[in-house]
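Accompanying notes for the structure given below.
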Number of protein chains: 2
Amino acid sequence: MGRVSDARQRLMDAVLKLIWTGSYGSTTIDSICDQAGVRKGSFYYFFKSKADVAVTALESDWQGRRAQLDELFSATVPPLERIRQFCEFAYRKQTALKRECGCVLGCPLYTLGSEICTQEQTLRAKIQEILGYYRKYVESAIRDAHAEHSIDAPDAAEKARMIQAYYEGLLTQARIQNDAEVLRELPRGIFAMLGLGQAEQLAA
Amino acid sequence: MGRVSDARQRLMDAVLKLIWTGSYGSTTIDSICDQAGVRKGSFYYFFKSKADVAVTALESDWQGRRAQLDELFSATVPPLERIRQFCEFAYRKQTALKRECGCVLGCPLYTLGSEICTQEQTLRAKIQEILGYYRKYVESAIRDAHAEHSIDAPDAAEKARMIQAYYEGLLTQARIQNDAEVLRELPRGIFAMLGLGQAEQLAA
DNA sequence: TATATTGTTGACTAATTAGTCTAGTATTGT
DNA sequence: ACAATACTAGACTAATTAGTCAACAATATA
């Protein structure tokens, strides 16, 4: 019973957009309200702080992406192909962003995590949690690739950490340079880390 | 002639420290002044804004590090050994930071660049410039390694970009997790990207 | 339809922030 | 010594910010 509204969702969308296109520090509660078309009183009706809305929005956003990632990393897809498609997906996404809003924005989790990690512990914990989920997809793909002898990678967890670091580093590079073309080398770099040379990459 | 003071330098030290231990957004001009023990009037005597002091400080800090990097990447050191020492250096530095101030702080250029790149163009340009210098050291080491047939890397520039992305990504990971041990895998990851397997890495 | 409940509004306070300005102090070269 | 210069102090304004509150509006359900 009672009134219904999507203001809560609009505030969550707004905070993620502002953080991503700008930064956590440059995102004020007033700017979140403006972006969402919601008054401040309503903001504090739903959330108790900027950190609160950010954590909630990250979690909600992550839940909304799971299905897509489950599909991308489906066990029915050959393991190395999963990774290739993921690279392709990242490239397309950043290219689209550049076209639509003029900026390559990189990975919001990494950008935000790096900005606030010494100051906002609950946010940091949520970001680490979600980054961990992403890593799991890669780790399992590597394990499968190793099992079918496409690569030699007995320690899938370590390889997954390496690949994530490279992936996130390159996305950040793309953001700083505002250039999505940087991401073209993503599959080559990843497959090099997996011990596949140029020739083997072409064969795959 | 006239009065002399090191307030300008203290302000530059302060802004870098605050940005590194916190973030650009959380660093206010008042906090810079407090940290430096300088009044606001003096701040505006030397600098015209936060972005101004940050750019100046980055440039000055970079100049102060050149000699050290020239030594680390000296042509008299075997090329792959240069890279190994650089990894070692990064690990030591972050470990020391963790011990001294409780936090793994990662790379200030990447953290800051990622935070402000959509908002502060002069800062972004300076950061990109300095990141480019770092990349040159790696690129030249790779070229030398290729020349002496330690590795097969005809495109040294691309390999250097890959390595930098991985390096910076891993440092950011270490910052977010507040754990320097993450950096232990740095040499392994880099040498994997250079096409050296486990066995060849041990041999080198 | 009554009403409990959910959500909205905007004015309000208090704190923080960037940036200015004037009057001053210390020091160096002459 | 004495000026010209380099730097400092700190009070001030105006804008922005986070956060509160009480009165109000819409609606689902009994």
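Letters A, B, ... mirror the listed sequences (proteins, then strands); counts begin at 1. Only heavy atoms go into these numbers, but all of them, side chains included; no hydrogens, no water, no symmetry mates.
For B:R3 against D:dT5, no side-chain N or O and base N or O form a donor-acceptor pair under 3.5 Å. For a distance-only test at 3.5 Å, the side chain of A:K40 qualifies as a donor-acceptor partner of the base of D:dA18.
Atom CG in B:D6 sits roughly 16 Å away from atom P in C:dA26 (whole-Å rounding). Residue A:R39 contributes atom CZ, which lies 17 Å from atom P of C:dC12 at whole-angstrom precision. Straight-line distance from the CZ atom of A:R8 to the P atom of C:dT8: 12 Å, rounded to whole Å. Between A:F47 atom CZ and C:dG7 atom P the separation is 11 Å, expressed in whole Å. If you take OH of B:Y45 and C1' of C:dT25, they are 13 Å apart, rounded to a whole angstrom. Rounding to whole angstrom units, CZ of residue B:F43 and C1' of D:dG10 are separated by 16 Å.
More than 12 heavy atoms of other residues, nucleotides or ligands shown are found within 6.0 angstrom of CD on A:E59. More than 12 heavy atoms of other shown residues, nucleotides or ligands fall within 6.0 angstrom of atom CD in B:E181.
Backbone-only contact: B:F46 has heavy atoms under 4.0 Å from sugar-phosphate atoms and none from a base.
No donor-acceptor contact under 3.5 angstrom links the side chains of A:Y24 and B:E115, judged on distance only. Between A:S26 and B:Q119, the side chains place a donor N or O and an acceptor N or O closer than 3.5 Å (distance only, hydrogens not considered). With 3.5 Å as the limit, one finds a donor-acceptor pair spanning the side chains of A:Q121 and A:R124. Between the side chains of B:S114 and A:T172, not a single donor N or O lies within less than 3.5 Å of an accepting N or O.
Considering only side-chain N and O atoms, B:S5 lies nowhere under 4.0 angstrom from the phosphate OP1 or OP2 of C:dA26.
Between A:F86 and A:Y137, the distance separating the two ring centers is not shorter than 6.0 angstrom.
Looking at residues 20-34 of chain B, you'll see B:T28, B:I29, B:D30 sit with a heavy atom under 4.0 Å from some atom of DNA chain C.
Both A:V38 and B:S49 sit near DNA chain C, but only A:V38 has its closest nucleotide nearer the 5' end.
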